[in-house]
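Remember, it's 1-based here, ligands and their atoms both numbered in the order they're listed. All residue numbers in this chain count up from 1 along the given sequence.
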Amino acid sequence: MTLSTNSRRAWWRKAVFYQIYPLSFADSNGDGFGDLEGIISKLDYLSDTLGVDALWVSPFYRSPMSDWGYDVSDHTDVDPLFGELATAERLIEEAHARGMRVILDYLINHTSSEHPWFVESRQSRNNPKRDWYVWRDPREDGSPPTNWVSVFSGPAWTLDDTTGQYYRHTFLPNQPDLNWRNPEVVEAMLDVARFWLERGVDGFRVDAAHQIMKDPQERDNPPVPPDYERPWKDMGEYDDYVHLYDFGHSDVHQAHRQLRAIVDSYPQEPIIVGEIHIFDLPEWASYYGEDLDQFHMPFNFHLMACDWDAGSLRVAIEAILWNVPVGGWTNWLLGNHDEKRLTTRLGPKHARLAAMLLLTLRGTPFLYYGDELGMTEAKIPPEEGMDPWGKNVDHLSRDGARTPMQWSSASNAGFTTGTPWLPLAANSNSINVETELEDPRSVLNLYRRLLAARHNSEALQIGSFLTHPASDNQVLVYRRESNEEIATVALNLSDEEAQVKIRSGRVIVSTADPDRAETISKKLLLEPYEGVLVTHQ
Ligand code: GLC
């Protein structure tokens, strides 16, 4: 562990991240798909208008686009849909020139079936790349080697006629799993990390990070018992089993430690953030590593699995913070390219409270593009669907959360001059950057005020967190404190007015009233669904 990457003031602890889904952000050439040049053209919006500090850019590598870029056929080149390698290099440079860091998606669990490694691997049982993937003989009756189900439904094994063996795929059949127990694979994938680190990236969001190591004995998963409580959202057929054996075998930690060691050897202090969908908190926290030598942060999805009320949020937040190891640091997110849009899940009133929560908790916030506008889930008829998961299981489609960014009230919301690859949300005429900038009460201006407040406050960036005794089932109140400053956040999650007793101070941001700036003396009044940030001398 290097001191700088874990120090209290490390850049990533103070940063606010913004996730860009490149296909849907900005289209520069009119083909209906967003691209890297499009992102470059919007960097001023991100750094100046909005004021975020770091970008997580979802995959733009060469890909047949079966899973829209999460199926990579060349990790070290850019897909022509998005631009060229030189465009990616320029994106990194231009972001840096504006003071923003850039992390990329790093896809370790699988490649595309069109990746040259897999094309070779499937050729014969004795091909030198055979063991780069996971090949097994059928069971005696010809069925797959285990009962494991793919995340996207259907068996996690596909029989390949050429050699009469099954290969394993945690996701789509054309996303074969890499064999991380083969040292050549580890070396090849670490080279991919080096390739991008040499080009100045500030780290990676590591895709499907806990999935790479499965039970070496390859035991069947037990079916769920009748009273089983799902830890997370409805996952269709995947929920029929308890996932004891198809992720997170203990040697996963060694693999992550190897990646961390590479990352730590680069001067830009890069970070790795792991996509860890584990809801048992001690197990989740084990992905920091016993010596904080694995992920700087495992992604914290816990608030998305939590009931949205003051009592449940308080319990969840305290439990998460208790479980972060000493010296570790967490993150918060309420949306990404795999989840239903925040504003649709919670409704517009709660979405404003969610903005304040996300930007005032102790930990690094990750915003998902368009959530800063209050973009809502678009209804897309199944026949126009693009998401392979949605094609397997209609109600699990992620398309609605991936629609084009809404820039203006021009045609196609200013996203493209062509035909957008996914339809726009119906409300793009009123919910867009241009319109919202004019309106002080807009969601965008609320985010801008919150971002500015966070940047100006050491207490909000790195201060301690304590829930306040005034918290109850209606109002969530907490305190953030640094050496120099104390702030209190009070969120009224109910439809009734509330009154809380807090020490005197000055209102900095209200989610309800952009002009609320009074000095309060011990008593804070909150409108229904109002959240207020107060600072104290
Ligand atoms: C991760 C990504 C998701 C993708 C899957 C397979 O979970 O977040 O979008 O479909 O991996 O690569």
Going by the salt bridge (charged side-chain N to carboxylate O under 4.0 Å, His left out) test, name the single residue among R181, R257, K214 that passes it with D251.
R181
Could you check atom 7 (O) of ligand 1 against the protein and tell me its nearest heavy-atom contact, residue, atom and distance included?
E275 OE2, 2.9 Å
Would you mind listing which atoms of ligand 1 come within a distance below 4.0 Å of any non-hydrogen atom of R402?
9 (O)
Which atoms of ligand 1 sit under 4.0 Å from any heavy atom of H110?
6 (C), 12 (O)
heavy-atom search around atom 10 (O) of ligand 1 in the protein gives D67 OD2, 2.6 Å
How far is atom 3 (C) of ligand 1 from its nearest protein heavy atom, and which residue and atom is that?
D338 OD1, 3.3 Å
Give me the one residue out of W12, W332, W329 that meets side chain to side chain donor-acceptor pair (under 3.5 Å) with T364.
W329
Quick look: F299 vs ligand 1, heavy-atom contacts under 4.0 Å, and the answer is neither
Contacting atoms of ligand 1, where contact means under 4.0 angstrom from a heavy atom of Q175
6 (C), 12 (O)
In this structure, is the centre-to-centre distance between the rings of F33 and F82 below 6.0 Å?
no
Checking ring-ring contact (aromatic ring centres under 6.0 Å, His included) against W68, which of F60, W421, Y21, Y61 comes through?
W421
Closest to atom 1 (C) of ligand 1 (heavy atoms only, candidates D71, V206, D207, N336) is D207
Does the ring centre of W407 sit less than 6.0 Å away from the ring centre of F25?
yes
Per-atom contacts, ligand 1 versus F152 - under 4.0 Å to a heavy atom
10 (O)
If you measure only the distance, is there a donor-acceptor pair under 3.5 Å linking the side chains of T111 and Y133?
yes
Identify which one of D79, D74, D77 satisfies the side chain to side chain donor-acceptor pair (under 3.5 Å) criterion when paired with R62.
D77
Applying a heavy-atom cut-off of 4.0 Å, say which part of R205 lies close to ligand 1: side chain, backbone, both or neither.
side chain
Under 4.0 Å from a heavy atom of R398: which atoms of ligand 1 are those, numbered in the order shown and with their elements?
3 (C), 4 (C), 9 (O), 10 (O)
Knowing that exactly one of F118, Y167, W117 qualifies, which makes a ring-ring contact (aromatic ring centres under 6.0 Å, His included) with W132?
W117
Counting heavy atoms under 4.0 Å, the part of E339 that contacts ligand 1 is neither
Is it the case that the side chains of N109 and W180 hold a donor-acceptor pair, with the cut-off being a distance below 3.5 Å and no angle test?
no
How does F171 reach ligand 1, if at all, at less than 4.0 Å between non-hydrogen atoms: by side chain, backbone, both, or neither?
side chain
